[in-house]
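Structure record follows, encoded as structure tokens.
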Amino acid sequence: MNWFRFSFLLLAAGTVYAAPLPDLGSLKPDLVIPELREGKPAPGHRVRQTLPGYAGTRVYHVLYLPEDWQPGRRYPVIAEYAGNGGYTNRYGDISLGWPENSRLGYGLSGGRGCLWICLPYIVGRGNERANTNRWWGDIAETVGYCQAAMRWLAAEYGADTNRLVLAGFSRGAIGCNVLGLHDEETSWLWRAFFAHSHYDGVNTNWPYQGADRASALERLQRLRGRPQWISQEGGVKATEDYLRTIKIPGDFTFVPLPFRNHTDAWVLYDLPERRQAREWLARVMQMP
């Protein structure tokens, strides 16, 4: 397999923009994420939920059943991790960091054909366990919840465990490798990975244990050629150069976003890049 599978639509992966990039807010979205509801999951509804083994804790995830969901059928899954909370910038981009703030899965699926679960990062022990909106929490707890959630989705809502895609924005994009490739058992859950804005190993100054390149490379060894979508506002050259340097075999799709915004909201807009992302998702879901 070649080291890289390049996908381009209108922009070259290494594009460097001389002029200021436009603001995403100047456009009108064509999708609105359904409001968070209480109660049991139902087609077209987005609900807050806690796995049975975590009853009595403050841990939760958010589950969306597609509009076309029917009992007894099998569905692919987009599992998603949010960016860090407490983030804002001069353009008005905000990241709160909780499961209910994620958007990638809805924009990629358009609300149909895929289960969409937004996963927690967990701190604490026992009944004191809770979600955190900064970094990974206790990685063992965070990864353990993810594994349990995939089994729960298969048993209760028809998740097709052969078609699980892990997605993430910012912290969550880094988490595609930090969490998704944390160990052999977890890494084999995933058919593909969708990482928007940042990538594990590119910046070694992030404030978490294992941000160094040796640790990132160890995680990447577990990728074993599976597809990864890699996008970022402005350009993806730093990630492209990093992966080229370490020579990890893979099916990498690099897509720069021609906007200045650090946000996952771009998937709610009818953009060429979203159309490309949906084509990528359809391709990886059909792979043997």
Side-chain angles (χ1 to χ4, degrees), residues 1-27 29-31 78 80-83 91 93 95 102-110 114 165-177 180 190-203 220 223 225-246 248-287:
M1 179 181 293
N2 293 332
W3 289 344
F4 296 90
R5 179 188 184 278
F6 292 97
S7 290
F8 300 96
L9 191 57
L10 299 178
L11 302 167
T15 298
V16 177
Y17 299 95
L21 292 171
D23 194 287
L24 187 64
S26 64
L27 304 177
D30 68 334
L31 289 178
I78 300 173
E80 183 170 349
Y81 281 114
Y91 306 123
D93 302 322
S95 176
S102 293
R103 292 176 275 207
L104 291 176
Y106 190 76
L108 289 174
S109 68
C114 285
V165 171
L166 184 62
F169 159 64
S170 194
R171 166 184 58 164
I174 301 169
C176 282
N177 290 359
W190 314 112
R191 172 174 286 246
F193 304 81
F194 191 97
H196 175 63
S197 203
H198 295 317
Y199 192 83
D200 182 33
V202 175
N203 183 345
L220 261 175
L223 181 60
R226 282 168 291 171
Q228 288 197 327
W229 167 285
I230 299 168
S231 56
Q232 186 155 329
E233 65 278 6
V236 290
K237 188 175 186 303
T239 304
E240 182 187 342
D241 289 347
Y242 165 65
L243 289 171
R244 189 189 304 278
T245 298
I246 62 175
I248 287 288
D251 179 352
F252 300 108
T253 298
F254 297 97
V255 179
L257 269 289
F259 298 96
R260 66 191 184 184
N261 307 88
H262 184 60
T263 179
D264 55 355
W266 65 274
V267 295
L268 304 180
Y269 294 75
D270 184 13
L271 302 172
E273 294 77 16
R274 188 183 72 180
R275 293 195 288 272
Q276 187 180 5
R278 288 179 172 179
E279 290 169 2
W280 175 89
L281 183 65
R283 176 178 73 86
V284 300
M285 289 300 190
Q286 293 168 3
M287 291 174 63

Under 3.5 Å, side chain of Glu233 to main-chain N/O of Ser197, donor-acceptor pair present?
-> no
Which value, rounded to the nearest 0.5 Å, describes the distance between Asn177 atom CG and Tyr199 atom OH?
-> 4.0 Å
Would you give the length of the straight line joining atom CD of Gln276 to atom CG of Leu281, rounded to the nearest 0.5 angstrom?
-> 12.5 Å
Arg103 side chain to Thr263 main-chain N or O, any donor-acceptor pair under 3.5 Å?
-> no
Pairing residues for Pro22 by the side-chain contact (heavy atoms from CB on, under 4.5 Å) criterion, not counting sequence neighbours | Phe259
Pair Tyr91 and His262, ring centroids less than 6.0 Å apart | no
The reported gap from CH2 in Trp266 to CG in Leu268 (rounded to nearest 0.5 angstrom) is 10.0 Å
Gap between atom OG1 of Thr253 and atom CD of Gln228 - 0.5 Å precision | 10.0 Å
Can you check whether Ala192's main-chain N or O pairs, donor with acceptor, with Arg226's side chain at less than 3.5 Å?
-> no
With sequence neighbours left out, what residues match Phe194 under ring-ring contact (aromatic ring centres under 6.0 Å, His included)?
-> Trp229, Trp280
Would you give the length of the straight line joining atom CD1 of Ile230 to atom NE2 of His196, rounded to the nearest 0.5 angstrom?
-> 12.5 Å
Arg278 side chain to Arg275 main-chain N or O, any donor-acceptor pair under 3.5 Å?
-> no
